[in-house]
Every structure is written in C-alpha cells, then in structure tokens.
Amino acid sequence: EIHQKVYLLNGELVSWDGPVSEIYSPVCVPGANGPERKLLGSVPNTTAKEAMEALDAALAAYNNGLGEWPTMSVEERIRCMEKFVYLMIQQRELVIKLLMWEIGKNLADSTKEFDRTVEYINFTIDALKELDRESSRFKEAEGTIAQIRRAPLGVVLSMGPFNYPLNEIFTTLIPALIMGNTILFKLPKHGVLAHYPLLDAFRQAFPKGTVNTLYGKGADIIAPIMESGKVNVLAFIGSSKVANGLKKLHPKVNRLRAILSLDAKNAAIITKNANLDVAVNECILGALSFNGQRCTALKLIFVQKEVAAEFTEKLSAAVSALKPGLPWEQGVKITPLPEPNKPGYLKECIDDATAKGAKVINKDGGYIDASFVFPAVVYPVNEKMKLYHEEQFGPVIPVVPFDSIEEPINYQVDASHGMQVSIFSEDPEEVAKLIDPFVNLVSRVNINCQAQRSPDVFPFTGRKDSAEGTLSVFDALRSFSIRSLVATKLTDSNKN
Ligand code: G3H
C-alpha cells in the first residue's frame, strides 16, 4: 500500500496530515460480503486553502512573465525537461505496476503508456528546437523586419481522465510547461497514485512553483481557482459538460484559453464491400482496447445489411475469444473496470437495448463479476436506444444495420460530437465518395483501420462537443503559447 503524505507546492514536497482519500484498485479480493476492491493506499484530500496556495505559487513563479521559468532560454528549459525525463525513467517499473493496479490496464498497454509518454516528451523537446529555429528567423515586409517569438500564456490548469492518467495529462502538461507557463496539476481520481513516483522528479527538475499538484474534489478545489479569474489556460480532457461548467466559473471567460479534448462516440462504417476479417480485427482493437475506455474508441458500428449477418457472427466469435483476467496475466485483454458505477451503467444500457428489441449475440456478453464486465455485442441497435446516443466508455459494442450510406452520414450530421470515424470498404470509389463528407464532419477519417490518437505527432482534435484547440506535439506547443513580435523599421543604417 502507498499512503502518500505529501503534495508538491512551490518546489517542496509539503507534508500532509489532514484528511485523505482512500484509493481502491479495480482488482478485487475476497471480502466479508463477497469480492471487494483492494485498498491500494491514500492521497491527501487537500482543500481550497491548499488550492489557493498552489495558485499563488504558480502566479509567483510566472510573475507576469518575468519569473525565472518564463524568462529562461529555450535551451535551459529543454535541459530541465531532459532531467525530468531522466528521473522519470528511473521510476518506470513502479509507475507501470501502479497503472496496472490502479486503473486495471493490462501489462502491455501500461508499458506502452509509460514508454509512449517518454517518447512524447522527447518528441516535444525536438519539436521545440524546431519551433525555436523558426522563431529565430526574421520576416521582412513593407520596410519592417520582425522576429516572431513564441511567448508563454501564464498559469495553466491541467486536468485529465483516468484512462491515460500519465500519457493524456502529459500531452497538455508537458507542452504547457516547456513553453514557459507555470502549472496547476489536478491529479485524476483514478490513476493518482501512478503519479506519486514522479512528484520528486518534478521537484528536482524544475524551478520552484513551476508545477504544483492539487488533490481532492473538483467542486472544492477547482471552483475557487477558476473563480479567481487568474488561470490563463484551462487544459482539460474529460466530458464537455464538466468543461463547460469549469469555463463558466471563470469571471473573464474571454481571457481564458481552453484546450479541451472531450466527448466522442466514434462510428465505424462497414459497407458491403469491406474485407470483413480486417473490419472485425480493427473493430475489436478500436472498441475493446483497454475495455473500450478510450475517447477514440469505436463506440457504434454501422454495418450494411447485405453483410450484417456474416459480420456480426465473426465479430461475436472474435469477442468471445478474448481472454479476461488480471492486468499482469499473459495475453489478457479484458480487465476489471476502475469506475465503480460502470458495470451497473453498462447493464442499464444493455437492458434498455434488449427491452427495445436488440439482443446480446455473443457468448457470455455482458456477464458481470464484481468489477469485470465481459464485452457484449448488442444487435440490432437503433436510434431509440441509449446505446445509439450515449458514450458508453466501456466494453459494449452496439451494432447498427443500415441500408443506405446516408444513414451513418446522417448520424454524424445529427451528433453533438465529431472526433473520428472508421470506414471499411475495399472499393476505392466508394471510399473516395465517403471521405469528403466525413472530413467535414469529424477531425480524422480512418480507412480500413480503427480510430486512434496516435501517432502522437499527428494533430489531435475534434469538432462540435469533441474538442477545443488541437493537441499533438507540434500543435500543442503552439496551443500553449502566443506569437510575440519584435519588429524594427528598416532604415538605411540598419538594412544590412
Ligand atoms: O482517450 C483518448 C485517448 O487520447 C486515446 O488515445 O487512441 O492513442 O488510445 P489512443
């Protein structure tokens, strides 16, 4: 068990002996009344007082852009980040173990999350060098010569979800930090302990007050920070409802930059011309990697009626062959779910669909054992069912039969979100015809492959309620900074 008794404030690991939040694993152990989530440890339950101290520390470190960190040269900031990466790598094994225990991510994916995060930071360092080279070039027009620098924005509040507690949060925190901003880092509810081994790396690598951590209930600690009006950037990954609520708290919302990655219910469209084996493999990866708990997961599958029977049969067989088990066991794909209310919610969605005429068509589909939910393929789903509209964020695959390709297009037109779509067809003309409408409806069209964020150097965004701003390595550096010009009028004496 890890009982974290410190939090990071103003360059120090400050001792905490106040109330704590207990952290439970999705992995269950036998208890007095049946299986119980195993206690993993606890973290400080900090209050509005510590939150405001963190804000003051971040403001002081930024000091209106005149602090040590925002005025440091790019080379020096990169050196600090390299030190952080070095220290982070020392904690690799422990962080991977904590990811498995805390969020139930299997060994392969937990390892990938850690390594991908290190790679992401290294990409960010390279991208900043490139951006800096661009910034040191001069532009000349109409008798004026200008250097276009990139300046930081101020204090960034960075918050992210449990599904990639390390990688996703760092896709905002790291670029924000390296661009010279100072950070308030609200730890996620699940996946909080996985950050514990990294706190001292932040402390050692960066000047004091540059990164400050916040723990506890959002309503208690985030509300006063937002209401202060002193946060310059909200970097939030989660639901659009929460994001909108947070923005509304800021008294000068027009001065707040929001970098948000939000709701998504990405559709797959399988036409009668698809290679069904490819479609099945990719849909399994897309819908069930990390039990479907990814914003980029495929959450609704449209299949053309001519091939619906064959596709659903193959899909059901493939889903039923997936191995459930504990995250560290060899070859395990289906693992326990960290959100305690998720099994009940998924059951509700399945019951709603079956009451309205759909069936769970795979063996053991929807079977619940404590925190495990065996994936369910639900067919035929239609627009009257919750599973057609709600982002289930779990191991349930709703399959919708369709006649005309207009049907999935209309789904996307009417949807409140627009992150990604996957189109499966071996007919190049058909694919070409579908790309155009979808390029204007979502932010990534995948052809014969699952939906996903990677490679991380690609832009990552969404339309409607799916995102605000763009992440990825290069875009994020721009998102967390602003152009600032140094312009000189050309005269005869300075022309050369
Ligand atoms: O939850 C959303 C993640 O950003 C998904 O990332 O597509 O690389 O798994 P991924």
Side-chain angles (χ1 to χ4, degrees), residues 2-16 41 43-44 46 50-51 53-63 67-99 102 113-126 128-129 152 155-160 165-167 169-188 191-215 235 477 480:
I2 294 181
H3 294 280
Q4 181 182 323
K5 299 267 186 220
V6 292
Y7 60 100
L8 179 61
L9 171 72
N10 206 21
E12 272 179 56
L13 293 177
V14 177
S15 299
W16 176 258
V43 294
T46 54
E50 291 76 30
E53 283 168 3
L55 174 63
D56 288 343
L59 284 165
Y62 190 68
N63 187 20
E68 179 186 357
W69 183 244
T71 55
M72 214 182 243
S73 72
V74 166
E75 292 76 18
E76 283 174 296
R77 270 191 253 136
I78 287 176
R79 268 200 294 281
C80 294
M81 194 58 86
E82 284 169 343
K83 181 169 176 188
F84 176 74
V85 174
Y86 170 81
L87 295 168
M88 178 178 168
I89 290 170
Q90 318 299 310
Q91 303 297 333
R92 181 174 183 270
E93 215 174 303
L94 179 56
V95 175
I96 291 171
K97 202 167 164 188
L98 284 167
L99 286 173
E102 213 182 341
E113 172 155 3
F114 186 92
D115 292 345
R116 175 180 177 183
T117 307
V118 169
E119 195 182 41
Y120 176 87
I121 303 176
N122 287 328
F123 281 153
T124 301
I125 291 173
D126 290 344
L128 180 57
K129 288 179 186 165
V155 173
V156 176
L157 172 61
S158 175
M159 302 170 65
L166 193 64
N167 179 271
I169 292 175
F170 278 18
T171 61
T172 65
L173 191 155
I174 295 294
L177 182 58
I178 207 167
M179 291 312 286
N181 302 284
T182 58
I183 311 291
L184 294 171
F185 172 18
K186 161 72 172 72
L187 279 289
V192 50
L193 283 176
H195 282 276
Y196 177 51
L198 304 180
L199 291 188
D200 200 47
F202 279 119
R203 185 190 65 81
Q204 287 189 52
F206 301 104
K208 70 172 196 168
T210 313
V211 178
N212 306 279
T213 55
L214 307 167
Y215 305 82
L477 292 178
F480 290 103

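Side-chain atoms are counted along with the backbone in the values below, which use heavy atoms only and exclude waters and symmetry mates.
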For Q204, is the CD atom crowded, meaning more than 12 foreign heavy atoms sit under 6.0 Å from it? yes
Go through the steps for W69 and F206 under the test ring pair (Phe, Tyr, Trp, His ring centres under 6.0 Å), then give the verdict. CA-CA 8 Å; W69 183 244; F206 301 104; 5.4 Å; yes
Flag the pair I169 / S158 as yes when at least one side-chain heavy-atom distance between them is below 4.5 Å, and no otherwise. yes
Quick one, I178 and I78 - any side-chain contact, counting heavy atoms below 4.5 Å? yes
V14 and W16, any side-chain heavy atoms less than 4.5 Å apart: no
Within the structure provided, determine whether L94 and Q91 are in side-chain contact (heavy-atom separation under 4.5 Å). yes
Is there a side-chain contact between L214 and L187, using heavy atoms and a 4.5 Å cut-off? no
Would you indicate whether the side-chain heavy atoms of F84 and I121 approach each other to under 4.5 Å? yes
Plane angle bin for F170 and H195 - parallel if under 30°, tilted between 30 and 60°, otherwise perpendicular: tilted
No-hydrogen, no-angle side-chain donor-acceptor test under 3.5 Å, Q4 and Y215: yes
For R79, check side chain to side chain donor-acceptor pair (under 3.5 Å) against everything at least two apart and list the hits. none
V155 vs L184 side-chain heavy atoms within contact, under 4.5 Å: yes
Do the non-hydrogen side-chain atoms of V85 and E119 ever get within less than 4.5 Å of each other? no
